[in-house]
Number of protein chains: 4
Amino acid sequence: MTAASTPKGERRRQALVAAAAQLLAEGGFEAVRHRAVAERAGLPLASTTYYFSSLNDLISAAVEHESRQELAIGRARLNELAELPRSTDAVIELMLDLLLGTGSRDGGAEPVLLRYERLVGSPRRPYLAPLMRELGAELHDLLAEIFARSGMEVSRDRLLELIALVDGAVVNALIESDPDPRGAARRMLRSQLG
Amino acid sequence: MTAASTPKGERRRQALVAAAAQLLAEGGFEAVRHRAVAERAGLPLASTTYYFSSLNDLISAAVEHESRQELAIGRARLNELAELPRSTDAVIELMLDLLLGTGSRDGGAEPVLLRYERLVGSPRRPYLAPLMRELGAELHDLLAEIFARSGMEVSRDRLLELIALVDGAVVNALIESDPDPRGAARRMLRSQLG
Amino acid sequence: MTAASTPKGERRRQALVAAAAQLLAEGGFEAVRHRAVAERAGLPLASTTYYFSSLNDLISAAVEHESRQELAIGRARLNELAELPRSTDAVIELMLDLLLGTGSRDGGAEPVLLRYERLVGSPRRPYLAPLMRELGAELHDLLAEIFARSGMEVSRDRLLELIALVDGAVVNALIESDPDPRGAARRMLRSQLG
Amino acid sequence: MTAASTPKGERRRQALVAAAAQLLAEGGFEAVRHRAVAERAGLPLASTTYYFSSLNDLISAAVEHESRQELAIGRARLNELAELPRSTDAVIELMLDLLLGTGSRDGGAEPVLLRYERLVGSPRRPYLAPLMRELGAELHDLLAEIFARSGMEVSRDRLLELIALVDGAVVNALIESDPDPRGAARRMLRSQLG
DNA sequence: TATGAATGAGTCTTCATTCAT
DNA sequence: GATGAATGAAGACTCATTCAT
């Protein structure tokens, strides 16, 4: 089915999801409100409850939308590279792009927050957990492939360790007065992989 | 001054802080509302704004109360031990108790959530950051002391790495269907320290 | 469109505006509160914010409603008169009716207060100023027409002077123990026009 | 009794009155609140209800304080002048200073608002009327003296007319987008007195 | 004589959700 | 299928006033 022939309903649904995803990125879970989503999408307020039986549904869809998109971008970048860089530093940057988003290159806490708000938000939003799990698995696969194609031997456990190192570094950097979570994660990765 | 002679005002203030801390632990930041705190404390609604000029003030106080209490308990335990265990495993458990709370021994996500919600919540609640920084520093000192007294040579950077490893392990474990964040962190620490 | 076929929403909106206008007349700006308006209109509290995005919006609507109605009545009266009275006294009364409202004929401060609370209230309620300006201009036109059709030569500046005289007389009469603002204004107009 | 020997209670009372007068000038009647007054005066909140049985009492005192001070300043200026200016323009400026306050020389609506908020506020605050009446009478006397000593023959009715002209001009100027109430009043006075 | 403590009532505004059309 | 209309419940916060000390 081409984009042009996407049924109107589906297109509107997508517009709402995209709007919710934007708001989620900008203001966290709290910012995703019926009103705000509808306004951002340029659709009637009631469309939010028409297409999604509850706000949680909408949030789920937004999280999934965002995450899949991030993964797709990551995978696309990977596919574009005929040959993967073999320098440790280049692999590290790739890993950081994947885990923290390319937005994290600019520094600051905000571009990085998404992943961690979702992870930490999951226990209180059980409907998010399965989704996060699935997306996490795909992310792991992607990262595993990177290491493999880069010629770096890394066991699954070792990979989980490296991911944890990045996530822990970030989470701790978040409270710095001038946070540079990506820098913190980079330092730790280098120390472990160097 | 004994508890019995604590001025009434101070006692009420503490009751509100305790109620807010409970709610925070049970339901996250969202759960800390004027109404909820007042009801939990058995005090009139207006007392919440009488003792705290804003909800953020109250939340700050609750976070500080909780964190200082955790730290105090940790430090007390440390002081009780004339001699620190020299086994790696014992040190690991001590570290996990300190970082995740002794409640984490029972497993499950909830008892562990507090630390991570506060860390990840700080960027969107700038008033928390200084407090979190201060408490973080004290926690680091405590951990450094543990390693020192246990005869394990650990540099400051290495310590930060270990903390990151724990935090990253936890954050990733949070989305498991049967989450055991402490177990995950333990495994990683063992792999690094073993 | 007849009254009967006025859409329900518009009718409710009007009910709120009317309620607000009543309260404004009875108790000044301070009396226009969400609760009071809703109760007066016999509608739910939330309807006030549903139809008006803020209380200022509602107040604006009420002021506009009242003023336009006054203007309309004035203009209607003017149109009914095939021929305008040529006696100075009759013109004066017409002018007073227009500026102070026909309610001012009964004496007392209250029926006259509206115009002056709005004028004096505008600097602290900037959202009112444009509206007041527009209504003021229409009022001037109406008064100019009266003088013209009555055969009394009155320049624009002279008209503004007469209006000021009335307003000043009223404002000063407001503090009398037995205020007769209309009478005070009448005396001054007679002295100037006689 | 010298200032130094003023009993503490009286001094505090005066501090509250002065604080209330300031707030009244800055923000109108609405701005005079127990809390705000106490803070401005640097006194405990409860002192406001201790020294004044109600907020209206405090407002009355503030209005009286302000008005008497204005009058005193006006009279002092008059007494300083051995000989009064005989030019019409100079008399006009003197009159405007007295009616609108010297602050009105700078232009803008705010410095002028005080007199008109008090006049228009009186009908809804009956406790203000006697005070305003008394002050008004003194103001008239002062203005009468000015005209007399300037050699300008002005009957009592004529004086009231001129005052009304000023007040009316001001009240109408208040809604201009770039209000110059003093200028408007000046123009009208010149046209009548020229 | 003062005042810290306290609070019931009320302020404006937001929001998720329902429902009639 | 779609949505304008509607609202009860709750949100944070303010305030005049009372009262015990």
Side-chain angles (χ1 to χ4, degrees), chain A residues 7-13 16 30-39 43-59, chain B residues 7-13 16 29-39 43-59, chain C residues 7-13 16 30-39 43-59, chain D residues 7-10 12-13 16 30-39 43-59:
Chain A
K8 183 175 149 213
E10 192 49 35
R11 242 177 315 154
R12 298 188 133 208
R13 226 189 117 90
L16 291 171
E30 283 191 21
V32 185
R33 309 287 194 185
H34 286 117
R35 268 175 165 63
V37 172
E39 264 166 41
L43 290 175
L45 172 57
S47 69
T48 54
T49 48
Y50 178 69
Y51 287 102
F52 299 89
S53 64
S54 80
L55 202 52
N56 288 350
D57 265 27
L58 183 43
I59 290 175
Chain B
K8 184 173 153 212
E10 192 49 35
R11 242 178 312 150
R12 297 185 128 215
R13 220 189 124 91
L16 290 171
F29 288 104
E30 284 190 20
V32 186
R33 306 294 191 181
H34 284 119
R35 271 171 164 66
V37 172
E39 268 165 36
L43 291 174
L45 175 56
S47 69
T48 54
T49 50
Y50 177 69
Y51 286 102
F52 298 90
S53 62
S54 78
L55 196 57
N56 287 352
D57 264 29
L58 180 45
I59 291 176
Chain C
K8 184 174 153 212
E10 191 50 35
R11 243 178 311 150
R12 297 185 128 214
R13 219 190 127 90
L16 291 170
E30 284 189 21
V32 186
R33 306 292 191 181
H34 284 118
R35 267 172 166 67
V37 172
E39 268 166 38
L43 291 174
L45 175 55
S47 70
T48 54
T49 50
Y50 177 70
Y51 286 102
F52 299 90
S53 61
S54 78
L55 196 56
N56 287 353
D57 263 28
L58 181 45
I59 292 176
Chain D
K8 182 176 148 212
E10 191 50 34
R12 299 189 132 207
R13 226 189 118 89
L16 290 171
E30 283 190 23
V32 186
R33 308 289 195 185
H34 286 117
R35 268 174 165 64
V37 172
E39 264 166 41
L43 290 174
L45 172 56
S47 69
T48 54
T49 49
Y50 178 69
Y51 288 102
F52 299 89
S53 64
S54 80
L55 203 51
N56 287 350
D57 265 28
L58 182 44
I59 291 175

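The chains referred to below are lettered A, B, ... by the order of the sequence lines, with proteins before strands, and numbering in each begins at 1.
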Heavy atoms under 4.0 Å, any strand shown: does [X] hit a base, just sugar-phosphate, or nothing?
X     : result
D/F52 : nothing
B/R13 : nothing
A/T48 : nothing

Interatomic distance, [X] [atom1] vs [N] [atom2] [rounded to whole Å]:
X     : N      : atom1 : atom2 : result
C/L58 : E/dT13 : CG    : P     : 10 Å
B/E30 : F/dA12 : CD    : P     : 11 Å
B/L43 : E/dT7  : CG    : P     : 7 Å
B/L55 : F/dA10 : CG    : P     : 16 Å
C/L16 : F/dA5  : CG    : P     : 14 Å
C/E39 : E/dA9  : CD    : C1'   : 13 Å
C/R11 : F/dA5  : CZ    : C1'   : 13 Å
D/R12 : E/dT1  : CZ    : P     : 13 Å

- Item | Polar side-chain atom of C/S47 near backbone of C/Y50 as donor-acceptor pair, under 3.5 Å | no

Indicate the atoms forming the closest heavy-atom contact of [X] with [Y], along with that distance.
X     : Y     : value
D/P44 : D/A38 : O-CB, 3.8 Å
A/T49 : A/H34 : CG2-NE2, 3.5 Å
C/L45 : C/T48 : O-OG1, 2.6 Å
B/A31 : B/A36 : O-CB, 3.8 Å

Would you say [X] reaches [N]'s phosphate, i.e. side-chain N/O to OP1/OP2 under 4.0 Å?
X     : N      : value
A/R33 : E/dT14 : no
A/Y50 : F/dT3  : no
B/R35 : F/dG11 : yes
D/H34 : F/dC15 : no

- Message: Need the pair for E/dC15. Rule: Watson-Crick or G-U wobble, both distances under 3.5 Å, any strand; none if unpaired.
- Response: F/dG8

- Can you tell me the pairing partner of F/dT21 across any strand shown, Watson-Crick or G-U wobble, with both distances under 3.5 angstrom? E/dA2

- Message: Nearest to the D/A46 side chain among E/dG8, E/dT3, F/dT17, which nucleotide is it?
- Response: E/dT3

- Whichever of D/S53 and A/G9 has its nearest DNA chain F nucleotide further upstream toward 5': A/G9

- Message: Closest-nucleotide mapping onto DNA chain E: is B/L45 or C/L45 further toward the 5' terminus? I mean the 5' end.
- Response: B/L45

